[in-house]
Amino acid sequence: MAELKLPRLPDRRPIKITISVMPDLIEALNAYAEAYEVAYGRRESVPDLIPFMLSGFLASDRSFSRARKK
């Protein structure tokens, strides 16, 4: 088969994890969800926002990105 320009797609099956957070963190996460609704006019649940928040955090950590490339 000829090589395609599009590489093989990565595994996209979601993996569920469960975490416990302190009361002040859940308050902050709920406040963020409210701010998100004000900014974009659409309510998203905290569990739906968390994966994107974590991805953004990891993408913005330059030291982590450099270490991960090694």
Side-chain angles (χ1 to χ4, degrees):
M1 176 176 219
E3 284 200 33
L4 302 175
K5 277 194 164 228
L6 180 67
R8 184 175 180 174
L9 297 177
D11 185 1
R12 296 177 313 278
R13 290 175 291 162
I15 298 170
K16 184 174 182 160
I17 63 171
T18 303
I19 63 169
S20 298
V21 298
M22 301 304 279
D24 59 335
L25 179 55
I26 195 62
E27 273 185 41
L29 290 168
N30 285 325
Y32 192 91
E34 290 171 14
Y36 182 95
E37 182 178 14
V38 169
Y40 298 109
R42 180 178 172 163
R43 180 74 179 170
E44 297 288 350
S45 69
V46 169
D48 287 338
L49 291 172
I50 288 174
F52 296 97
M53 296 167 82
L54 289 173
S55 292
F57 172 79
L58 292 174
S60 69
D61 189 325
R62 292 182 183 168
S63 295
F64 174 70
S65 294
R66 281 191 299 270
R68 192 167 186 208
K69 287 179 184 177
K70 292 182 181 179

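Ala59 approaches Ser65 most closely through the heavy-atom pair O-OG, 4.2 Å.
Val46 and Ile17 fall within the same hydrophobic cluster, defined by Ile, Leu, Val, Met, Phe, Trp and Tyr side-chain heavy atoms under 4.5 Å apart, directly or through other members. In the hydrophobic clustering of this structure, Tyr32 does not group with Phe52; members are Ile, Leu, Val, Met, Phe, Trp, Tyr whose side-chain heavy atoms approach within less than 4.5 Å, directly or through other members. Under the 4.5 Å side-chain heavy-atom criterion for Ile, Leu, Val, Met, Phe, Trp and Tyr, Val21 and Ile50 are members of the same hydrophobic cluster. By the rule that hydrophobic residues join a cluster once side-chain heavy atoms approach within less than 4.5 Å of another member, Leu54 and Met22 end up as members of separate clusters.
Under a cut-off of 6.0 angstrom, the local environment of OH in Tyr36 is crowded, with over 12 non-hydrogen atoms contributed by other residues, nucleotides or ligands. More than 12 heavy atoms of other residues, nucleotides or ligands shown are found within 6.0 angstrom of CZ on Arg43.
Here Arg66 contributes atom CZ and Asp61 contributes atom CG; the two are 8.5 Å apart, rounded to the nearest 0.5 Å.
Residues near Val38 contribute nothing to a hydrophobic cluster around it, because no ILVMFWY side-chain heavy atom sits closer than 4.5 Å to its side chain.
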Please list, one pair per line, the donor and acceptor atoms closer than 3.5 Å that link side chains of residues 4-16 to other protein atoms, with sequence neighbours excluded.
residue	atom	partner	partner atom	Å
Asp11	OD1	Arg13	N	3.1
Asp11	OD1	Arg13	NE	3.0
Asp11	OD2	Arg13	NH2	2.8
Arg12	NH1	Pro10	O	3.3

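Looking at Leu49 and Leu29, their side chains never come closer than 4.5 Å, going by heavy atoms from C-beta outward.
Residues satisfying the ring pair (Phe, Tyr, Trp, His ring centres under 6.0 Å) test with Phe57, not counting sequence neighbours, are none.
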